[in-house]
Amino acid sequence: MTFKAPDSLAEQIAHHLAERVIRGELKPGERIQEQKVTAALNVSRGSVREALLILERRHLIVILPRRGAQVSVLTPHNITSLCALMSEMYILLGLAVARSWKEPLDLAPFMQIQQRLIASGERQDVKAFVEDSFNVMRAAYPFANNPYLEETVENLQPSMSRFYFLALDQRQAEMSEYLTLFSQLLEAVVVRDLARIRDVLTRYAERSCQSVLSALEAS
């Protein structure tokens with residue numbers, strides 16, 4: 001049995017604010033005032049400050065001298081930079097699953113997530129779709145057995161969720177394209193076709209990046 005401590009209050013506050021940034025309720029450049037957050041959530045100012053530092057490490061906000069915390073601004077450069085990094089991490093995880101699975105039951109979590117993605121796509125439920133897109137990576141962590149990779153993905157996940165939410169919220173028809181690519185990925189993992197896994201995930205990352213850039217331009 002593995003002990004998992006509950007999230008600290010600062011982590012809970014950070015998660016609450018992150019969700020608002022991801023969904024676009026807090027706009028790029030908008031100030032996040034400690035006093036208002038403290039009053040709204042009935043928490044200590046110290047916990048809010050700690051939460052803001054967490055969000056800064058996850059690139060959702062910037063903390064500026066004499067101006068305080070602001071929601072980070074999305075730019076083509078930071079979108080393409082993060083997409084390039086995430087592409088390589090997707091590939092590492094995909095290859096790890098293909099190399100390590102031993103019996104069909106090992107792949108059951110991915111099949112279950114695929115069914116949930118199909119269902120949320122049919123409902124046009126962007127939030128659930130984005131969440132399960134990242135659950136695919138979490139299901140791959142045990143196969144990779146790389147705590148550094150896992151920590152990096154988890155720290156970058158909120159920023160990637162923000163990008164994907166922007167793209168899918170404006171162009172929900174693209175969910176079907178993502179589902180097609182995911183189906184191709186699963187097929188490649190089953191037959192352990194490492195070259196095809198790399199190709200599918202590279203195309204997925206490039207397509208995702210282009211979708212986010214198009215959505216940013218249209219916003």
Side-chain angles (χ1 to χ4, degrees), residues 59 74 76-122 126 128-217:
H59 306 282
L74 296 177
H77 176 70
N78 60 33
I79 289 170
T80 54
S81 298
L82 183 52
C83 285
L85 177 58
M86 292 299 292
S87 174
E88 294 304 314
M89 291 190 288
Y90 292 156
I91 291 169
L92 285 173
L93 289 168
L95 295 179
V97 176
R99 289 175 175 137
S100 303
W101 73 268
K102 293 180 173 58
E103 54 186 51
L105 191 61
D106 292 341
L107 300 178
F110 300 101
M111 307 302 180
Q112 293 165 4
I113 293 171
Q114 182 183 36
Q115 292 307 307
R116 295 203 302 268
L117 284 168
I118 292 170
S120 56
E122 290 173 348
V126 174
F129 195 93
V130 170
E131 286 177 355
D132 266 328
S133 296
F134 283 97
N135 283 335
V136 173
M137 289 189 291
R138 294 186 176 111
Y141 291 159
F143 297 91
N145 191 26
N146 184 332
Y148 304 105
L149 175 60
E150 181 176 339
E151 181 181 2
T152 303
V153 172
E154 287 297 317
N155 278 329
L156 293 175
Q157 178 266 326
S159 288
M160 290 299 297
S161 290
R162 184 185 183 191
F163 292 173
Y164 288 162
F165 197 95
L166 173 65
L168 293 174
D169 195 41
Q170 295 196 17
R171 305 177 68 176
Q172 293 182 356
E174 293 189 2
M175 288 183 190
S176 61
E177 294 182 37
Y178 294 145
L179 285 169
T180 298
L181 284 169
F182 186 51
S183 178
Q184 294 171 357
L185 175 61
L186 285 179
E187 291 170 2
V189 167
V190 168
V191 298
R192 305 186 200 274
D193 187 337
L194 305 187
R196 190 175 178 210
I197 288 169
R198 184 177 293 276
D199 174 65
V200 170
L201 286 171
T202 299
R203 285 189 288 116
Y204 171 78
E206 290 173 350
R207 187 71 188 90
S208 298
C209 190
Q210 190 53 53
S211 296
V212 179
L213 290 170
S214 297
L216 179 64
E217 187 177 342

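Starting from 1, each residue takes its place in the sequence as its number. These numbers come from a predicted model, not from an experiment.
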Measuring only between side-chain heavy atoms, which start at C-beta, is [X] closer than 4.5 Å to [Y]?
X	Y	value
Phe163	Asn78	yes
Glu154	Tyr141	yes
Phe182	Leu117	yes
Cys209	Ile79	yes
Val136	Gln114	no
Val191	Arg196	no
Arg99	Leu194	yes

Quick check for you: to the nearest 0.5 Å, what is the distance between [X] atom [atom1] and [Y] atom [atom2]?
X	Y	atom1	atom2	value
Met89	Ile91	CE	CD1	11.0 Å
Glu206	Cys83	CD	SG	10.0 Å
Thr180	Glu174	OG1	CD	12.0 Å
Thr202	Ile197	OG1	CD1	11.5 Å
Leu181	Leu186	CG	CG	11.5 Å
Glu177	Leu168	CD	CG	10.0 Å

Does a donor on one side chain and an acceptor on the other come within less than 3.5 Å for [X] and [Y]?
X	Y	value
Ser161	Gln157	yes
Arg203	Gln184	yes
Ser211	Arg207	yes

Check [X] against [Y] and note the closest heavy-atom contact, atom names and distance.
X	Y	value
Leu149	Ala144	CD2-CB, 4.3 Å
Phe110	Phe143	CE1-CE1, 3.7 Å
Arg192	Ala98	NH1-O, 2.6 Å
Ser87	Leu201	OG-O, 4.3 Å
Ile118	Leu179	N-CD2, 3.9 Å
Trp101	Val189	NE1-O, 3.1 Å

* **Criterion side-chain contact (heavy atoms from CB on, under 4.5 Å) on Met175 and Val126, from CA distance to verdict** => CA-CA 9 Å; Met175 288 183 190; Val126 174; 3.5 Å; yes
* Asked: Among Ser183, Ser133, Ser208, whose side-chain contact (heavy atoms from CB on, under 4.5 Å) with Tyr178 holds?
  ->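 Answer after filtering Ser183, Ser133, Ser208: Ser208.
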* To do: Indicate yes or no for a side-chain donor-acceptor contact from Asp106 to the backbone of Lys102 under 3.5 Å, with no hydrogens or angles considered.
  => yes
* Asked: In terms of heavy-atom contacts, does CD of Glu103 have more than 12 from other residues, nucleotides or ligands at under 6.0 Å?
  -> yes
* Would the number of heavy atoms belonging to other residues, nucleotides or ligands and lying under 6.0 Å from CZ of Arg116 be above 12? ->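 Result for CZ/Arg116: enclosed.
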* Step-by-step side-chain contact (heavy atoms from CB on, under 4.5 Å) determination, His59 to Met160 -> CA-CA 10 Å; His59 306 282; Met160 290 299 297; over 6 Å; no
* Looking at the rings of Phe134 and Tyr164, which for Trp means the six-membered one, are their centres under 6.0 Å apart? -> yes
